[in-house]
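All chains are named by letter (A, B, ...) in the order of the sequence lines, taking the proteins before the strands, and each is independently numbered beginning at 1.
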2 protein chains.
Amino acid sequence: MTSIPFRSGPDQAAAAERSDAARNRKRLLWAAKELISECGAGGLTMDRLAERAGVGKGTVFRRFGSRAGLMLALLHDSEVDFQSRFMFGPPPLGPGAPALERLVAFGAGRIAYVVEFGDLVLAAEDASRGRFDVPAAALWHRHIEVLLDDAGFDADSWLMAGSLGAALDPERLLDLVRRHGVAPERLVASWRDLVTRVVRPA
Amino acid sequence: MTSIPFRSGPDQAAAAERSDAARNRKRLLWAAKELISECGAGGLTMDRLAERAGVGKGTVFRRFGSRAGLMLALLHDSEVDFQSRFMFGPPPLGPGAPALERLVAFGAGRIAYVVEFGDLVLAAEDASRGRFDVPAAALWHRHIEVLLDDAGFDADSWLMAGSLGAALDPERLLDLVRRHGVAPERLVASWRDLVTRVVRPA
DNA sequence: AGACTAAACGGACTGCGGTCCGGTTATATT
DNA sequence: AATATAACCGGACCGCAGTCCGTTTAGTCT
(Lines give C-alpha, C1' and ligand atoms only; values in the text may rest on other atoms or scores of the structure.)
Protein backbone atom coordinates (compact mmCIF):
# COMPACT_ATOMS: atom_id res chain seq x y z
CA MET A 1 0.00 0.00 0.00
CA THR A 2 1.28 3.48 0.61
CA SER A 3 4.96 3.22 1.37
CA ILE A 4 5.60 4.61 4.82
CA PRO A 5 9.20 5.12 5.86
CA PHE A 6 8.84 3.20 9.09
CA ARG A 7 7.29 -0.18 9.78
CA SER A 8 3.85 0.12 11.16
CA GLY A 9 2.01 -3.17 10.99
CA PRO A 10 1.54 -4.22 14.60
CA ASP A 11 2.80 -7.72 13.84
CA GLN A 12 4.57 -7.93 10.50
CA ALA A 13 7.64 -5.78 11.17
CA ALA A 14 9.76 -8.85 10.38
CA ALA A 15 13.46 -8.77 9.74
CA ALA A 16 14.64 -5.20 10.01
CA GLU A 17 13.83 -3.71 13.39
CA ARG A 18 15.58 -4.32 16.64
CA SER A 19 13.45 -5.48 19.52
CA ASP A 20 14.07 -2.43 21.67
CA ALA A 21 13.08 -0.23 18.76
CA ALA A 22 9.82 -2.12 18.35
CA ARG A 23 9.13 -1.93 22.05
CA ASN A 24 9.70 1.80 22.09
CA ARG A 25 7.53 2.36 19.06
CA LYS A 26 4.69 0.60 20.79
CA ARG A 27 5.24 2.60 23.94
CA LEU A 28 5.27 5.83 21.98
CA LEU A 29 2.12 5.15 20.02
CA TRP A 30 0.36 4.06 23.17
CA ALA A 31 1.48 7.12 25.08
CA ALA A 32 0.48 9.35 22.18
CA LYS A 33 -3.06 8.01 22.12
CA GLU A 34 -3.23 8.41 25.85
CA LEU A 35 -2.05 12.00 25.77
CA ILE A 36 -4.39 12.91 22.95
CA SER A 37 -7.39 11.49 24.72
CA GLU A 38 -6.40 13.47 27.80
CA CYS A 39 -5.35 16.81 26.38
CA GLY A 40 -6.50 16.76 22.77
CA ALA A 41 -4.17 16.68 19.80
CA GLY A 42 -2.99 20.19 20.52
CA GLY A 43 -1.80 19.21 23.97
CA LEU A 44 0.57 16.63 22.65
CA THR A 45 4.10 17.99 22.62
CA MET A 46 7.11 15.98 21.69
CA ASP A 47 8.73 16.51 25.08
CA ARG A 48 5.69 15.38 26.97
CA LEU A 49 5.34 12.39 24.72
CA ALA A 50 8.93 11.36 25.28
CA GLU A 51 8.58 11.73 29.01
CA ARG A 52 5.30 9.85 29.16
CA ALA A 53 6.66 7.00 27.06
CA GLY A 54 9.82 6.90 29.15
CA VAL A 55 12.19 7.40 26.24
CA GLY A 56 14.50 10.18 25.14
CA LYS A 57 13.37 12.91 22.83
CA GLY A 58 15.81 11.82 20.16
CA THR A 59 14.05 8.49 19.99
CA VAL A 60 10.74 10.11 19.20
CA PHE A 61 12.21 11.91 16.24
CA ARG A 62 14.15 8.88 15.10
CA ARG A 63 10.88 6.96 14.92
CA PHE A 64 8.56 9.49 13.37
CA GLY A 65 10.73 12.18 11.88
CA SER A 66 8.47 15.01 12.95
CA ARG A 67 5.30 15.80 14.78
CA ALA A 68 3.39 15.49 11.52
CA GLY A 69 4.95 12.08 10.95
CA LEU A 70 3.71 10.95 14.32
CA MET A 71 0.19 12.10 13.51
CA LEU A 72 0.40 10.29 10.19
CA ALA A 73 1.41 7.13 12.02
CA LEU A 74 -1.54 7.47 14.36
CA LEU A 75 -3.87 7.88 11.41
CA HIS A 76 -2.25 5.12 9.40
CA ASP A 77 -4.72 2.38 10.17
CA SER A 78 -7.87 4.35 9.46
CA GLU A 79 -6.22 5.84 6.43
CA VAL A 80 -5.46 2.45 4.98
CA ASP A 81 -8.98 1.39 5.77
CA PHE A 82 -10.48 4.30 3.88
CA GLN A 83 -8.15 3.75 0.97
CA SER A 84 -9.07 0.12 0.60
CA ARG A 85 -12.74 1.00 0.81
CA PHE A 86 -12.66 3.32 -2.15
CA MET A 87 -10.25 1.17 -4.13
CA PHE A 88 -11.56 -2.31 -3.51
CA GLY A 89 -14.73 -2.02 -1.45
CA PRO A 90 -18.37 -2.23 -2.47
CA PRO A 91 -20.00 0.43 -4.66
CA PRO A 92 -20.81 3.22 -4.81
CA LEU A 93 -17.51 4.04 -3.08
CA GLY A 94 -15.65 1.16 -4.62
CA PRO A 95 -15.59 -0.01 -8.24
CA GLY A 96 -18.82 -1.02 -9.92
CA ALA A 97 -20.82 2.19 -9.75
CA PRO A 98 -20.90 4.96 -12.39
CA ALA A 99 -17.94 7.31 -12.10
CA LEU A 100 -20.02 10.27 -11.01
CA GLU A 101 -21.60 8.35 -8.18
CA ARG A 102 -18.21 7.15 -7.05
CA LEU A 103 -16.96 10.71 -7.09
CA VAL A 104 -19.86 11.79 -4.90
CA ALA A 105 -19.30 8.90 -2.54
CA PHE A 106 -15.60 9.65 -2.33
CA GLY A 107 -16.26 13.20 -1.23
CA ALA A 108 -18.82 12.08 1.30
CA GLY A 109 -16.40 9.52 2.71
CA ARG A 110 -13.62 12.02 2.94
CA ILE A 111 -15.83 14.55 4.67
CA ALA A 112 -16.89 11.98 7.24
CA TYR A 113 -13.27 10.99 7.76
CA VAL A 114 -12.13 14.55 8.33
CA VAL A 115 -14.97 15.29 10.70
CA GLU A 116 -14.19 12.17 12.69
CA PHE A 117 -10.44 12.64 13.05
CA GLY A 118 -10.37 16.44 12.93
CA ASP A 119 -7.40 17.57 14.96
CA LEU A 120 -5.25 14.64 14.01
CA VAL A 121 -5.71 15.30 10.32
CA LEU A 122 -4.91 18.95 10.84
CA ALA A 123 -1.77 18.21 12.79
CA ALA A 124 -0.68 15.68 10.21
CA GLU A 125 -0.81 18.30 7.48
CA ASP A 126 1.65 20.63 9.11
CA ALA A 127 4.65 18.83 7.72
CA SER A 128 6.52 22.09 7.15
CA ARG A 129 7.12 21.84 3.46
CA GLY A 130 3.72 21.16 2.17
CA ARG A 131 0.78 18.95 2.73
CA PHE A 132 1.35 17.56 -0.74
CA ASP A 133 3.96 15.11 0.45
CA VAL A 134 1.42 13.15 2.43
CA PRO A 135 1.66 9.92 0.48
CA ALA A 136 -2.08 9.41 0.60
CA ALA A 137 -2.71 12.76 -1.05
CA ALA A 138 -1.19 11.57 -4.30
CA LEU A 139 -3.50 8.60 -4.20
CA TRP A 140 -6.64 10.66 -3.73
CA HIS A 141 -5.56 13.01 -6.46
CA ARG A 142 -5.02 10.16 -8.88
CA HIS A 143 -8.28 8.57 -7.87
CA ILE A 144 -10.26 11.72 -8.62
CA GLU A 145 -8.42 12.14 -11.90
CA VAL A 146 -9.26 8.62 -13.03
CA LEU A 147 -12.90 9.03 -12.06
CA LEU A 148 -13.07 12.29 -13.98
CA ASP A 149 -11.72 10.57 -17.06
CA ASP A 150 -14.15 7.69 -16.59
CA ALA A 151 -16.98 10.14 -16.37
CA GLY A 152 -16.04 11.51 -19.77
CA PHE A 153 -14.36 14.69 -18.56
CA ASP A 154 -12.63 16.07 -21.62
CA ALA A 155 -10.28 18.78 -20.41
CA ASP A 156 -7.26 19.02 -18.08
CA SER A 157 -8.35 16.32 -15.64
CA TRP A 158 -5.10 16.42 -13.68
CA LEU A 159 -5.49 20.05 -12.71
CA MET A 160 -9.23 19.69 -12.26
CA ALA A 161 -8.66 16.81 -9.88
CA GLY A 162 -6.47 19.10 -7.81
CA SER A 163 -9.09 21.83 -7.79
CA LEU A 164 -11.77 19.42 -6.65
CA GLY A 165 -9.44 17.99 -4.04
CA ALA A 166 -8.87 21.48 -2.70
CA ALA A 167 -12.57 21.73 -1.98
CA LEU A 168 -12.09 18.83 0.42
CA ASP A 169 -9.20 20.48 2.23
CA PRO A 170 -9.45 19.45 5.90
CA GLU A 171 -8.72 22.89 7.25
CA ARG A 172 -11.57 24.34 5.25
CA LEU A 173 -13.99 21.54 6.08
CA LEU A 174 -13.29 21.73 9.77
CA ASP A 175 -13.54 25.49 9.78
CA LEU A 176 -16.96 25.24 8.18
CA VAL A 177 -18.18 22.58 10.56
CA ARG A 178 -16.69 23.90 13.77
CA ARG A 179 -16.74 27.65 13.44
CA HIS A 180 -19.66 28.14 11.10
CA GLY A 181 -21.77 25.24 12.30
CA VAL A 182 -22.31 23.89 8.82
CA ALA A 183 -23.81 20.40 8.90
CA PRO A 184 -21.71 17.73 7.19
CA GLU A 185 -24.72 16.78 5.06
CA ARG A 186 -24.74 20.25 3.63
CA LEU A 187 -21.09 19.87 2.74
CA VAL A 188 -21.85 16.61 1.01
CA ALA A 189 -24.70 18.22 -0.90
CA SER A 190 -22.45 21.02 -2.06
CA TRP A 191 -19.77 18.54 -3.10
CA ARG A 192 -22.35 16.57 -5.09
CA ASP A 193 -23.43 19.75 -6.77
CA LEU A 194 -19.88 20.68 -7.60
CA VAL A 195 -18.79 17.40 -9.13
CA THR A 196 -22.07 17.00 -10.98
CA ARG A 197 -21.65 20.35 -12.65
CA VAL A 198 -18.01 19.75 -13.45
CA VAL A 199 -18.64 16.38 -15.03
CA ARG A 200 -21.88 17.25 -16.80
CA PRO A 201 -21.40 17.23 -20.59
CA ALA A 202 -21.68 20.49 -22.50
CA MET B 1 -11.36 49.39 3.16
CA THR B 2 -10.45 46.21 4.99
CA SER B 3 -10.13 47.15 8.60
CA ILE B 4 -6.59 46.48 9.73
CA PRO B 5 -5.90 46.69 13.46
CA PHE B 6 -2.97 49.06 13.09
CA ARG B 7 -2.62 52.24 11.09
CA SER B 8 -0.88 51.65 7.84
CA GLY B 9 -1.36 54.53 5.47
CA PRO B 10 2.08 56.12 5.10
CA ASP B 11 0.67 59.57 5.72
CA GLN B 12 -2.80 59.49 7.22
CA ALA B 13 -2.03 58.00 10.64
CA ALA B 14 -3.43 61.22 12.13
CA ALA B 15 -4.35 61.62 15.77
CA ALA B 16 -3.67 58.36 17.52
CA GLU B 17 -0.05 57.34 17.20
CA ARG B 18 2.87 58.71 19.08
CA SER B 19 5.71 60.02 16.99
CA ASP B 20 8.25 57.48 18.23
CA ALA B 21 5.82 54.71 17.42
CA ALA B 22 5.41 55.99 13.89
CA ARG B 23 9.14 56.29 13.47
CA ASN B 24 9.68 52.74 14.64
CA ARG B 25 6.98 51.39 12.37
CA LYS B 26 8.68 52.98 9.42
CA ARG B 27 12.04 51.58 10.49
CA LEU B 28 10.57 48.13 10.91
CA LEU B 29 8.86 48.03 7.53
CA TRP B 30 11.96 49.33 5.87
CA ALA B 31 14.19 46.80 7.61
CA ALA B 32 11.75 44.01 6.76
CA LYS B 33 11.84 44.79 3.06
CA GLU B 34 15.60 44.97 3.25
CA LEU B 35 15.90 41.61 4.97
CA ILE B 36 13.49 39.93 2.58
CA SER B 37 15.35 41.18 -0.45
CA GLU B 38 18.57 39.88 1.08
CA CYS B 39 17.53 36.54 2.53
CA GLY B 40 14.09 35.85 1.13
CA ALA B 41 10.94 35.81 3.17
CA GLY B 42 12.03 32.65 4.95
CA GLY B 43 15.18 34.33 6.21
CA LEU B 44 13.26 37.00 8.05
CA THR B 45 13.08 36.17 11.73
CA MET B 46 11.55 38.43 14.31
CA ASP B 47 14.81 38.69 16.26
CA ARG B 48 16.82 39.63 13.22
CA LEU B 49 14.21 42.15 12.22
CA ALA B 50 14.27 43.76 15.65
CA GLU B 51 18.04 43.93 15.64
CA ARG B 52 18.23 45.32 12.12
CA ALA B 53 15.63 47.96 12.85
CA GLY B 54 17.37 48.85 16.08
CA VAL B 55 14.36 48.26 18.28
CA GLY B 56 13.44 45.71 20.93
CA LYS B 57 11.67 42.52 20.07
CA GLY B 58 8.63 43.52 22.08
CA THR B 59 8.17 46.51 19.80
CA VAL B 60 7.94 44.31 16.75
CA PHE B 61 5.13 42.30 18.25
CA ARG B 62 3.41 45.36 19.60
CA ARG B 63 3.28 46.75 16.07
CA PHE B 64 2.31 43.69 14.07
CA GLY B 65 1.03 41.15 16.54
CA SER B 66 2.71 38.22 14.85
CA ARG B 67 4.91 37.25 12.00
CA ALA B 68 1.84 36.75 9.83
CA GLY B 69 0.64 40.22 10.76
CA LEU B 70 3.92 41.66 9.60
CA MET B 71 3.63 39.91 6.26
CA LEU B 72 0.09 41.16 5.93
CA ALA B 73 1.31 44.69 6.55
CA LEU B 74 3.97 44.28 3.87
CA LEU B 75 1.35 43.07 1.42
CA HIS B 76 -1.20 45.67 2.42
CA ASP B 77 -0.60 48.11 -0.39
CA SER B 78 -0.69 45.60 -3.22
CA GLU B 79 -3.63 43.88 -1.58
CA VAL B 80 -5.63 47.07 -1.50
CA ASP B 81 -4.64 47.72 -5.07
CA PHE B 82 -5.93 44.34 -6.21
CA GLN B 83 -9.10 44.76 -4.24
CA SER B 84 -9.91 48.10 -5.74
CA ARG B 85 -9.20 46.75 -9.21
CA PHE B 86 -11.78 44.01 -8.97
CA MET B 87 -14.28 46.15 -7.10
CA PHE B 88 -14.06 49.47 -8.91
CA GLY B 89 -11.66 49.04 -11.82
CA PRO B 90 -12.36 48.56 -15.51
CA PRO B 91 -13.96 45.37 -16.84
CA PRO B 92 -13.60 42.49 -17.21
CA LEU B 93 -12.12 42.46 -13.70
CA GLY B 94 -14.25 45.30 -12.45
CA PRO B 95 -17.97 45.87 -12.85
CA GLY B 96 -19.45 46.11 -16.32
CA ALA B 97 -18.63 42.71 -17.77
CA PRO B 98 -20.81 39.59 -17.58
CA ALA B 99 -20.46 37.77 -14.28
CA LEU B 100 -18.75 34.73 -15.76
CA GLU B 101 -16.10 36.85 -17.42
CA ARG B 102 -15.51 38.69 -14.19
CA LEU B 103 -15.14 35.39 -12.40
CA VAL B 104 -12.54 34.26 -14.90
CA ALA B 105 -10.71 37.54 -14.63
CA PHE B 106 -10.76 37.39 -10.87
CA GLY B 107 -9.09 33.99 -10.85
CA ALA B 108 -6.51 35.13 -13.37
CA GLY B 109 -5.75 38.19 -11.30
CA ARG B 110 -5.43 36.20 -8.13
CA ILE B 111 -3.13 33.68 -9.78
CA ALA B 112 -0.89 36.45 -11.04
CA TYR B 113 -0.87 38.03 -7.59
CA VAL B 114 0.10 34.81 -5.85
CA VAL B 115 2.82 34.05 -8.35
CA GLU B 116 4.24 37.54 -7.93
CA PHE B 117 4.29 37.69 -4.15
CA GLY B 118 4.72 33.97 -3.47
CA ASP B 119 6.61 33.65 -0.23
CA LEU B 120 5.01 36.67 1.34
CA VAL B 121 1.52 35.37 0.74
CA LEU B 122 2.48 32.01 2.16
CA ALA B 123 3.99 33.52 5.26
CA ALA B 124 0.96 35.75 5.74
CA GLU B 125 -1.32 32.74 5.81
CA ASP B 126 0.40 31.08 8.73
CA ALA B 127 -1.53 33.09 11.30
CA SER B 128 -1.73 30.12 13.63
CA ARG B 129 -5.46 29.75 13.87
CA GLY B 130 -6.50 29.71 10.31
CA ARG B 131 -6.04 31.55 7.11
CA PHE B 132 -9.71 32.42 7.23
CA ASP B 133 -9.14 35.40 9.48
CA VAL B 134 -7.24 37.24 6.81
CA PRO B 135 -9.67 40.10 6.39
CA ALA B 136 -9.27 40.08 2.64
CA ALA B 137 -10.33 36.45 2.42
CA ALA B 138 -13.84 37.29 3.47
CA LEU B 139 -13.96 39.88 0.74
CA TRP B 140 -12.88 37.46 -2.00
CA HIS B 141 -15.33 34.91 -0.76
CA ARG B 142 -18.17 37.38 -0.87
CA HIS B 143 -17.08 38.62 -4.25
CA ILE B 144 -17.17 35.15 -5.75
CA GLU B 145 -20.51 34.48 -4.13
CA VAL B 146 -22.05 37.60 -5.60
CA LEU B 147 -20.68 36.84 -9.04
CA LEU B 148 -22.09 33.32 -8.84
CA ASP B 149 -25.50 34.71 -8.03
CA ASP B 150 -25.22 37.25 -10.83
CA ALA B 151 -24.35 34.47 -13.21
CA GLY B 152 -27.58 32.74 -12.31
CA PHE B 153 -26.11 30.07 -10.08
CA ASP B 154 -29.10 28.50 -8.40
CA ALA B 155 -27.74 26.38 -5.55
CA ASP B 156 -25.72 26.96 -2.36
CA SER B 157 -23.62 29.81 -3.68
CA TRP B 158 -22.00 30.50 -0.32
CA LEU B 159 -20.45 27.05 -0.05
CA MET B 160 -19.71 26.94 -3.75
CA ALA B 161 -17.84 30.21 -3.46
CA GLY B 162 -15.69 28.61 -0.80
CA SER B 163 -15.00 25.57 -2.94
CA LEU B 164 -13.97 27.72 -5.86
CA GLY B 165 -11.84 29.87 -3.60
CA ALA B 166 -10.08 26.75 -2.38
CA ALA B 167 -8.96 26.09 -5.94
CA LEU B 168 -7.07 29.38 -5.73
CA ASP B 169 -5.32 28.49 -2.48
CA PRO B 170 -1.84 30.05 -2.62
CA GLU B 171 -0.09 27.00 -1.25
CA ARG B 172 -1.57 24.85 -3.96
CA LEU B 173 -0.93 27.35 -6.73
CA LEU B 174 2.67 27.87 -5.73
CA ASP B 175 3.26 24.15 -5.37
CA LEU B 176 1.98 23.63 -8.91
CA VAL B 177 4.05 26.44 -10.36
CA ARG B 178 7.26 25.89 -8.45
CA ARG B 179 7.48 22.16 -7.91
CA HIS B 180 5.56 20.88 -10.89
CA GLY B 181 6.52 23.57 -13.34
CA VAL B 182 2.96 24.29 -14.34
CA ALA B 183 2.68 27.48 -16.36
CA PRO B 184 0.40 30.12 -14.85
CA GLU B 185 -1.55 30.27 -18.13
CA ARG B 186 -2.45 26.65 -17.70
CA LEU B 187 -3.74 27.42 -14.23
CA VAL B 188 -5.84 30.22 -15.64
CA ALA B 189 -7.19 27.91 -18.34
CA SER B 190 -8.16 25.33 -15.77
CA TRP B 191 -9.81 27.96 -13.62
CA ARG B 192 -11.79 29.22 -16.60
CA ASP B 193 -12.87 25.68 -17.31
CA LEU B 194 -13.90 25.15 -13.70
CA VAL B 195 -16.01 28.27 -13.29
CA THR B 196 -17.56 27.89 -16.71
CA ARG B 197 -18.75 24.40 -15.89
CA VAL B 198 -20.00 25.40 -12.47
CA VAL B 199 -21.98 28.34 -13.75
CA ARG B 200 -23.27 26.74 -16.94
CA PRO B 201 -27.05 26.25 -16.77
CA ALA B 202 -28.46 22.73 -16.67
C1' DA C 1 31.10 -17.50 25.62
C1' DG C 2 33.43 -13.39 23.90
C1' DA C 3 34.16 -9.88 20.74
C1' DC C 4 32.52 -6.85 17.16
C1' DT C 5 29.51 -3.57 14.85
C1' DA C 6 25.71 -1.27 13.36
C1' DA C 7 21.78 0.44 15.16
C1' DA C 8 19.27 2.68 18.68
C1' DC C 9 19.33 5.62 22.68
C1' DG C 10 18.87 10.00 25.43
C1' DG C 11 19.18 14.51 26.79
C1' DA C 12 21.68 18.81 26.23
C1' DC C 13 21.44 22.26 22.73
C1' DT C 14 19.74 25.56 19.04
C1' DG C 15 16.66 28.82 16.89
C1' DC C 16 12.20 30.09 16.50
C1' DG C 17 7.67 32.67 17.56
C1' DG C 18 5.54 34.77 21.14
C1' DT C 19 4.83 36.81 26.12
C1' DC C 20 5.72 39.77 30.15
C1' DC C 21 6.71 43.46 32.95
C1' DG C 22 9.60 47.11 35.01
C1' DG C 23 11.48 51.26 33.16
C1' DT C 24 11.05 55.27 29.84
C1' DT C 25 9.10 59.04 27.19
C1' DA C 26 5.81 61.74 24.43
C1' DT C 27 1.99 64.45 25.03
C1' DA C 28 -1.87 66.82 27.38
C1' DT C 29 -3.15 69.61 31.30
C1' DT C 30 -2.65 73.19 34.75
C1' DA D 1 7.44 74.87 33.65
C1' DA D 2 5.96 71.24 36.42
C1' DT D 3 3.04 67.32 36.72
C1' DA D 4 0.41 63.43 35.47
C1' DT D 5 -0.62 59.51 32.66
C1' DA D 6 -1.10 56.58 29.08
C1' DA D 7 1.30 54.69 25.61
C1' DC D 8 5.52 52.86 24.32
C1' DC D 9 10.00 50.52 24.79
C1' DG D 10 13.28 46.66 25.36
C1' DG D 11 15.18 42.42 26.31
C1' DA D 12 14.90 38.55 29.58
C1' DC D 13 12.05 34.74 29.47
C1' DC D 14 9.01 30.60 27.98
C1' DG D 15 7.60 26.48 25.44
C1' DC D 16 8.04 24.47 21.25
C1' DA D 17 9.98 21.49 17.19
C1' DG D 18 13.90 19.73 15.65
C1' DT D 19 19.28 18.52 15.78
C1' DC D 20 23.64 16.53 17.43
C1' DC D 21 26.72 13.48 19.24
C1' DG D 22 28.77 10.68 22.89
C1' DT D 23 27.09 6.35 24.99
C1' DT D 24 24.73 1.95 25.27
C1' DT D 25 22.96 -2.29 23.55
C1' DA D 26 20.90 -5.97 20.51
C1' DG D 27 22.12 -9.17 17.20
C1' DT D 28 25.89 -11.69 14.80
C1' DC D 29 30.00 -13.99 13.84
C1' DT D 30 33.87 -16.97 15.41
**Q** Where along residues 37-56 of chain A does a heavy atom fall under 4.0 Å from DNA chain C?
**A**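 Residues of residues 37-56 of chain A that come under 4.0 Å of DNA chain C are, in numerical order, A:V55, A:G56.
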**Q** Which residue, A:R67 or A:S19, contacts DNA chain D at a nucleotide closer to its 5' end, judged by nearest heavy atom?
**A**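 Whichever sits nearer the 5' end wins; that is A:R67.
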**Q** If only side-chain N and O atoms of B:T59 are considered, is one of them under 4.0 Å from the OP1 or OP2 phosphate oxygen of D:dG10?
**A**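 Answer yes for this pair, as a side-chain N or O of B:T59 is under 4.0 Å from OP1 or OP2.
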**Q** Any salt bridge (Lys or Arg N to Asp or Glu O under 4.0 Å) pairs touching residues 79-94 of chain B, not counting sequence neighbours?
**A**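 The answer is B:D81-B:R85.
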**Q** Would you list the pairs meeting salt bridge (Lys or Arg N to Asp or Glu O under 4.0 Å) in which at least one residue belongs to residues 28-41 of chain B, sequence neighbours left out?
**A**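 Listed once each, the pairs are B:E34-B:R52, B:E38-B:R52.
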**Q** Can you list everything that forms a ring-ring contact (aromatic ring centres under 6.0 Å, His included) with A:Y113? Sequence neighbours excluded, please.
**A**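 Residues passing ring-ring contact (aromatic ring centres under 6.0 Å, His included) with A:Y113: A:F82, A:F117.
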**Q** Are any of A:R23's side-chain N or O atoms less than 4.0 Å away from OP1 or OP2 of C:dA8?
**A**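 False: A:R23 side-chain N/O out of range (4.0 Å or more) of C:dA8 OP1/OP2.
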**Q** Applying ring-ring contact (aromatic ring centres under 6.0 Å, His included) as the test, list every pair that has at least one member in residues 21-58 of chain A; sequence neighbours left out.
**A**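 Every pair satisfying ring-ring contact (aromatic ring centres under 6.0 Å, His included) with a residue in residues 21-58 of chain A: there are none.
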**Q** How would you summarise protein contacts on nucleotides 2-7 of chain C per nucleotide, using B for base, S for sugar-phosphate only and - for none, with heavy-atom distances below 4.0 Å?
**A** ----BB
**Q** Please enumerate all residues that pass side chain to side chain donor-acceptor pair (under 3.5 Å) together with B:D150, with sequence neighbours excluded.
**A**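 With neighbours one apart ignored, the set is empty.
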**Q** Rounded to the nearest angstrom, tell me the gap between atom CZ in B:F64 and atom C1' in C:dT19.
**A**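 It is 18 Å, rounded to the nearest whole Å.
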**Q** Could you tell me how far apart A:D20 (CG) and D:dT24 (C1') are, to the nearest whole angstrom?
**A**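 A:D20 atom CG is separated from D:dT24 atom C1' by 10 Å.
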**Q** Can you check the A:E17 CD to D:dG27 P distance for me, whole Å?
**A**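 Spelled out: CD on A:E17 to P on D:dG27 is 11 Å.
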**Q** Under the rule for side chain to side chain contact (heavy atoms under 4.5 Å, CB included), what residues qualify as partners of A:A161, not counting sequence neighbours?
**A**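 With sequence neighbours excluded, A:A161 shows a side chain to side chain contact (heavy atoms under 4.5 Å, CB included) to A:H141, A:I144, A:E145, A:L148, given in chain and number order.
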**Q** Can you name the side chain to side chain contact (heavy atoms under 4.5 Å, CB included) partners of A:D154, sequence neighbours left out?
**A**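 Testing A:D154 for side chain to side chain contact (heavy atoms under 4.5 Å, CB included), a comparison that skips the adjacent residues, returns B:R197.
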**Q** Can you tell me which nucleotide in D:dG10, D:dA26, D:dA17 comes closest to the side chain of A:F61?
**A**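 Taking heavy atoms from C-beta onward, the closest nucleotide is D:dA17.
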**Q** If you only use heavy atoms from C-beta on, which nucleotide in D:dG18, C:dC9, D:dC9 is closest to the side chain of A:K57?
**A**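 Nearest to the side-chain atoms of A:K57, counting from C-beta on, is D:dG18.
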**Q** Using the C1' atoms of five pairs at each end, what's the angle between the two axes of the helix from C:dA1-D:dT30 to C:dT30-D:dA1, to 10 degrees?
**A**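 One end axis against the other gives 0°.
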**Q** Could I get the full list of side chain to side chain contact (heavy atoms under 4.5 Å, CB included) partners for B:V177, not counting sequence neighbours?
**A**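 B:V177 satisfies side chain to side chain contact (heavy atoms under 4.5 Å, CB included) with B:V115, B:L187 once adjacent residues are dropped.
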**Q** Please check if the side chain of B:S84 supplies one atom and the backbone of B:V80 the other of a donor-acceptor pair under 3.5 Å.
**A**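 Side chain of B:S84 to backbone of B:V80, a donor-acceptor pair under 3.5 Å: yes, one is there.
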**Q** Decide if atom CZ of A:R178 counts as having more than 12 heavy atoms of other residues, nucleotides or ligands within a radius under 6.0 Å.
**A**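 Counting neighbours around CZ of A:R178, more than 12 heavy atoms of other residues, nucleotides or ligands fall under 6.0 Å, so yes.
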**Q** Got a sec, which pairs hit ring-ring contact (aromatic ring centres under 6.0 Å, His included) with one end in residues 178-198 of chain A, sequence neighbours left out?
**A**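 Output for this query lists A:H180-B:W158.
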**Q** Does D:dC9 have OP1 or OP2 sitting under 4.0 Å from an N or O in the side chain of B:N24?
**A**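 Checking D:dC9 against B:N24, a side-chain N or O does come within under 4.0 Å of OP1 or OP2.
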